[in-house]
Amino acid sequence: MKDYFKRFVLSKKFDNTIGTVIILNCALIGVETYFTNSLLSQIQLICLIIFTIEISLRFIARESTVSFFKDGWNNFDLAIVIFALIPESIISDASVITTLRILRIFRILRLSRINSDLKLIINVMLKSLSTLLYNFFIFVIFIYLF
């Protein structure tokens, strides 16, 4: 049974379907910036249900619990889904609600799971952050000397 879920989760059709839902969801997040209605909210809820099912299937298809949580992309997906599951009605601070809404746009980075070239670009950018920090320190030293 676990092998079936593993083949299903690793299939190209599954990746393409999730990619389509991610693109639709991100487009609707942009539309929601200007106006909302019940149809948009219902479609967003369906997308959230699909993302919840996706991460659940990935957890079921895992080699082990440790291997699931060692994968940074699984942790990223899980965090985005958990943040999206927090109902806005329980939060009274408007800035927290705005932050949670902004975090939803990071779902677009989940497309990197599907496209290996995009995944490579994101990994290189993350690894270059430490180099960027060193460049900042050198810049500060030059400014100090100047």
Practice task
Sorted by first residue and then second, give each salt bridge (charged side-chain N to carboxylate O under 4.0 Å, His left out) pair with at least one member in residues 29-48; sequence neighbours left out.
Solution key: Glu32-Arg104
Problem - Any pair counted as salt bridge (charged side-chain N to carboxylate O under 4.0 Å, His left out), so long as it reaches residues 135-146, sequence neighbours left out - result: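 As it turns out, there is no salt bridge (charged side-chain N to carboxylate O under 4.0 Å, His left out) pair with a partner in residues 135-146 once direct neighbours are skipped.
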Exercise for the section: Can you measure from CG (Leu57) to CZ (Phe5) and round to the nearest 0.5 angstrom? Expected result: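 Separation between the atoms: 6.0 Å.
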Problem - Spacing of OG1 belonging to Thr17 relative to NZ belonging to Lys12, to within rounding of 0.5 Å - result: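 Thr17 atom OG1 to Lys12 atom NZ measures 11.5 Å (nearest 0.5 Å).
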If Ile, Leu, Val, Met, Phe, Trp and Tyr residues are connected whenever their side-chain heavy atoms lie under 4.5 Å apart, and connections chain through other members, are [X] and [Y] in the same group?
X      : Y     : result
Ile18  : Leu85 : yes
Leu24  : Val81 : no
Ile53  : Ile80 : yes
Phe35  : Leu45 : no
Ile121 : Trp73 : no

Kindly say whether [Y] contributes a backbone atom to a donor-acceptor pair with the side chain of [X] at under 3.5 angstrom?
X     : Y     : result
Asn74 : Phe68 : yes
Asn25 : Cys47 : no
Lys13 : Phe8  : no
Ser64 : Ser67 : yes

Close side-chain approach of [X] and [Y], heavy atoms under 4.5 Å:
X     : Y     : value
Phe51 : Ile55 : no
Ile29 : Gln44 : yes
Glu54 : Phe14 : yes

Practice task
Return the minimal non-hydrogen interatomic distance between Asp15 and Arg58, and the atom names on each side.
Solution key: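 Smallest interatomic distance, heavy atoms only, reads OD1-NH2, 3.6 Å.
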Practice task
Give the minimum heavy-atom separation between Leu40 and Leu28, together with the two atoms involved.
Solution key: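 Result for this residue pair: CD2-CD2, 3.3 Å.
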Problem - Steps toward side-chain contact (heavy atoms from CB on, under 4.5 Å) verdict (Phe59, Leu78) - result: CA-CA 10 Å; Phe59 185 76; Leu78 186 62; over 6 Å; no
Show every donor-acceptor pair shorter than 3.5 Å between a side-chain atom in residues 133-146 and any protein atom, with sequence neighbours excluded, or say none if there are none.
none

